[in-house]
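Letters go in sequence order (proteins before strands), and every chain restarts at 1. Note that these values count all heavy atoms, side chains included, but never hydrogens, waters or copies made by symmetry. Small disclaimer: the values here were computed from a predicted structure and weren't measured.
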Amino acid sequence: MSSMPRVRFAPSPTGYLHIGSARTFIFNWLYARRHGGTMILRIDDTDAGRNTQDSEDSIFDGLRWLGLDWDEQYRQSERLDLHTAKALAIFEQGHAYRDFTPQEDAAEKAHATGASTWLCNPEMRELSREESDRRAAAGEPFVLRFRVPREPVREVGFEDEVYGAQSKSTADIEDFALLRSNGLPTYHMASCADDADLGITHIIRGQDHLTNTFKHVLIFEALGVAAARFAHLPLLIAPDGSKLSKRKHGPVVSVTTYRDAGFLPQAYVNFLCLLGWNPKDDREKMSIEEITAIFGFEGINRSNAVVNFSDEDPIDPKALWLNSQHLYALPVETLAALLEPWAAAAGWTPEPGQLLQIAPLIQERMKTFADFAAVADFFFVEPLPPYDAAELIPQKGAAAMAALVLERAKQTLAQTEFTHDALEQALRAAAAEIGVKAGQMFQPVRVAVCGRKVAPPLFETLAVLGRALTLARLDRALELVRS
RNA sequence: GGCGCUAUCGUCUAAGGGUUAGGACGGAGCCCUCUCAAGGCUCAAAUACGGGUUCGAAUCCCGUUAGCGCUACCA
């Protein structure tokens, strides 16, 4: 009987929610939800100097926007006693020692060893317990270092759920710090103590921690606890192959960018999932429920994934397409409701029910909500923004034809029922009567009513706009074409 | 420098000894059509390089190259 998995996402609050972090959260979340396990959010705020409340808030905001939740929450800084106690336990077991080398000298000595890797300072590693205690009692500052097994050297290994069997010689692992000279635990110490204490069963995190894992295995051993299972995720990288960084790549790495760009959270989650994971069939557009149903480590690949943005366009084209697919699949009622804040942002106040009428006309003409204002303006703006009178002139026609068509349209529309079928029938008949092609009839009307040639289908649009507004705009177009 | 990881169309990826190396985005073209979209169809586009193993290698092994990561009293 295996117990339910317990997984955690452990961000350090030093900036906004990074898309790579969001993806790590999602993969943890998927694993937990797939297996009926527990999702834990742990704020790794042991680096007091760099943590900010703003950052923490933006992480929460980002996760909430993505529609993600968690079952337990901890703050690492509130668990310092635990970390220190565990570090001391390791020390008492003889798996760690005090290093009294002043911080300034340490770097120098590490460099002095030349090209080869700094492993330890034998002088400190071999210090007798008596002397160590004496100097500590005298108040001399020290860092507590893990005593990596050296004689004999041995292999440290673990089985990664994604990368397979991993092993590394202790000859290549330095005596890393557990406690800083100010008494605070390092990341390695705090993280392992918490993972052990919280009963984390699967540590799912970025591949940048793959080599750190050997140290963590050593810590778990020294703590006398069974290590969690590990699953490392390929990293998200920039088109030039470099790691995505806030400093270098700016807004591209922030989840809020996609929210503000009018993405649907479920679409962005879908996009993130497809970076480094695939369902093994040809599905692309998937709901998070569908993904949860089949998520597993087998589907995760091992090479880093490029987020395909450019200087001209910070949005990955595939993310955009995926968003459009989710958008097109929305029920119109849902779409209409989601449009409200975007209408408000554009300064428009839709009539009750108006968005519901408009939604189906523009649904397949938006990639994101950011397109809404440009696509739907003529439904709300009166009078229309100025447009070039030349736009009113039909294909293979002249200004005279424009005037003729518009005049005839005006007469026709003054007495036609404003429904799709009636409008189409009447306008086609009108075109035939004055001897122009249907397109030569429709285009000037479209421009008169929408202010441009590119717009939703004409009859639906007219039906929504209504007779009064349509006739008023036709009048204005006539003035324009005659002047 | 040391150690670790990775390498399939421009990008995301499938194929894990036998396929014309598949799909998707993006690009090009055609169809549909009242414009624009959406949709349908077609085309161009990849196994980093070199050695093995094997009847047969994208796939297994070795090397090279490249990229990434770790190498802090950051996380």
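The listed nucleotides are B:C3, B:G69, B:A38; the one nearest the side chain of A:K168 is B:C3. Across B:A7, B:A75, B:A37, the shortest atom-to-atom separation from the side chain of A:R365 is found for B:A37. Listed nucleotides: B:U13, B:A75, B:C3. Nearest to the side chain of A:A305: B:U13. With distances taken from any side-chain atom of A:K318 to the nucleotides B:C36, B:C12, B:C70, the minimum falls on B:C12. Of all nucleotides listed (B:A37, B:C73, B:C34), B:A37 comes nearest to the side chain of A:E364. Between B:U35, B:A38, B:C3, one nucleotide has an atom nearer to the side chain of A:K367 than all others, and that is B:A38. Of the candidates B:U6, B:C3, B:G23, B:G23 carries the atom nearest the A:D282 side chain, counting heavy atoms from C-beta on. Across B:C25, B:C5, B:G22, the shortest atom-to-atom separation from the side chain of A:P317 is found for B:C25. Nearest nucleotide to the side chain of A:K243, out of B:G23, B:C34, B:G69: B:G69. The side chain of A:Y163 lies closest to B:C5, out of B:C5, B:A75, B:G26.
Across the P atoms, B:U53 and B:G40 are found 49 Å apart, a figure rounded to whole Å. When the C1' atom is compared between B:U8 and B:A24, the two are found 15 Å apart, to the nearest whole Å. Taking atom C1' on both nucleotides, B:G1 is separated from B:A58 by 33 Å, rounded to a whole Å. Taking the C1' atoms as reference points, B:A7 lies 15 Å from B:C12, given to the whole Å. B:U11 and B:G16 have their C1' atoms separated by 23 Å, given to the nearest Å. Atom name C1', nucleotides B:C41 and B:C32: the rounded distance is 11 Å, in whole Å. Comparing B:A21 with B:C9, their P atoms are spaced 15 Å from each other, to the whole Å. B:A48 and B:U42 have their C1' atoms separated by 31 Å, given to the nearest Å.
Under the salt bridge (charged side-chain N to carboxylate O under 4.0 Å, His left out) test applied with A:D175, the options A:R145, A:R147, A:R150 reduce to a single match, A:R150. For the side chain to side chain donor-acceptor pair (under 3.5 Å) with A:D160, the qualifying choice from A:H232, A:R302, A:Q166 is A:H232, the only one to do so.
In this pair, A:W277 and A:F295 present their aromatic rings tilted. The plane angle is within the 30 to 60° band.
A:D421 and A:T419 share no donor-acceptor pair across their side chains, judged by distance under 3.5 Å alone. Between the side chains of A:D57 and A:Q53, at least one donor N or O sits under 3.5 Å from an acceptor N or O.
Here the C1' atom of nucleotide B:A24 and the CD atom of A:E284 are 4 Å apart, to the nearest Å. The nearest whole Å value for the distance from the CD atom in A:E140 to the C1' atom in B:C73 is 15 Å. Taking atom CZ of A:F230 as the reference point, atom C1' of B:G4 lies 15 Å away to the nearest angstrom. Distance, A:N278 CG to B:G22 P: 17 Å, rounded to whole Å. Rounded to an integer number of Å, the gap from CZ of A:F214 to C1' of B:U71 is 13 Å. In this structure, A:D208 places its CG atom 18 Å from P of B:G4, rounding to the nearest Å. When the P atom of B:U71 is taken as reference, atom CZ of A:F176 falls 12 Å away, rounded to whole Å.
Looking at heavy-atom distances under 4.0 Å, A:F271 makes no contact with the nucleic acid at all. Contacts of A:E298 with the nucleic acid, taken as non-hydrogen atoms under 4.0 Å apart, are absent. Nucleic acid contact for A:Q363: none, since no nucleic acid atom lies under 4.0 Å from a heavy atom of the residue. No contact: A:G439 has no heavy atom under 4.0 Å from any strand. The residue A:D99 sits apart from the nucleic acid: no heavy atom pair falls under 4.0 Å. Within the nucleic acid shown, A:V143 comes within 4.0 Å of at least one base atom, counting heavy atoms only. Within 4.0 Å (heavy atoms only), A:K285 reaches no atom of the nucleic acid at all. Base engagement by A:H209 is indicated by at least one non-hydrogen atom pair under 4.0 Å involving a base atom. A:P456 comes within contact range of at least one nucleobase, with a heavy-atom separation under 4.0 Å. Using a 4.0 Å heavy-atom criterion, one finds that A:G276 contacts the sugar-phosphate atoms exclusively. Nucleic acid contact class of A:S181 (heavy atoms, under 4.0 Å, all strands): base. Backbone-only engagement by A:L210 is indicated by non-hydrogen atom pairs under 4.0 Å involving sugar-phosphate atoms exclusively.
Residue A:K280 has a polar side-chain atom (N or O) positioned under 4.0 Å from OP1 or OP2 of B:A14. Contact annotation: A:N308 does not reach the phosphate of B:G26 (side-chain N/O to OP1 or OP2, under 4.0 Å). Remark: A:Q207 is not in phosphate contact with B:U6, judged by side-chain N or O atoms under 4.0 Å from OP1 or OP2. At least one side-chain nitrogen or oxygen of A:Q325 sits closer than 4.0 Å to the OP1 or OP2 atom of B:G39. Between B:C36 and A:R452, no contact under 4.0 Å exists linking OP1 or OP2 to a side-chain N or O. Here A:N304 does not reach the OP1 or OP2 of B:C68: none of its side-chain N or O atoms lies under 4.0 Å away. Residue A:R428 places at least one side-chain N or O closer than 4.0 Å to OP1 or OP2 of B:C34.
The nucleotide B:A7 finds its pairing partner in B:U65, both defining distances of the Watson-Crick or G-U wobble pair being shorter than 3.5 Å. In this structure, B:U53 makes no Watson-Crick or G-U wobble pair, since no nucleotide meets both defining distances under 3.5 angstrom. Pairing of B:U35, defined by two Watson-Crick or G-U wobble distances under 3.5 Å, is not identified with any nucleotide. Nucleotide B:U20 is matched to nothing when pairs are restricted to Watson-Crick or G-U wobble geometry with both distances under 3.5 angstrom. B:A28 and B:U42 make up a base pair, with Watson-Crick or G-U wobble contacts both under 3.5 Å. In this structure, B:A15 forms no base pair with any nucleotide, since neither Watson-Crick nor G-U wobble geometry is met with both distances under 3.5 Å.
For the pair A:F146/A:I173, no side-chain contact is recorded, criterion being any heavy-atom separation below 4.5 Å from C-beta on.
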Is there a side-chain hydrogen bond (donor to acceptor under 3.5 Å, both in side chains) between A:D99 and A:T101? Walk through the geometry before answering.
CA-CA 6 Å; A:D99 180 350; A:T101 313; 2.5 Å; yes
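Atom CD of A:Q425 has 12 or fewer heavy atoms from other residues, nucleotides or ligands within 6.0 Å.
Two residues, A:E460 and A:S167, neighbour RNA chain B, and the one matched to the more 5' nucleotide by heavy-atom proximity is A:S167. Remark on RNA chain B: of its neighbouring residues A:V307 and A:S242, the 5'-side contact belongs to A:V307, judged by nearest-heavy-atom nucleotide.
Between A:D197 and A:R79, at least one side-chain N (NZ, or NE/NH1/NH2) sits under 4.0 Å from a carboxylate O, which counts as a salt bridge. Note on A:D316 versus A:K318: no salt bridge recorded, every NZ/NE/NH1/NH2 to OD/OE distance being 4.0 Å or above.
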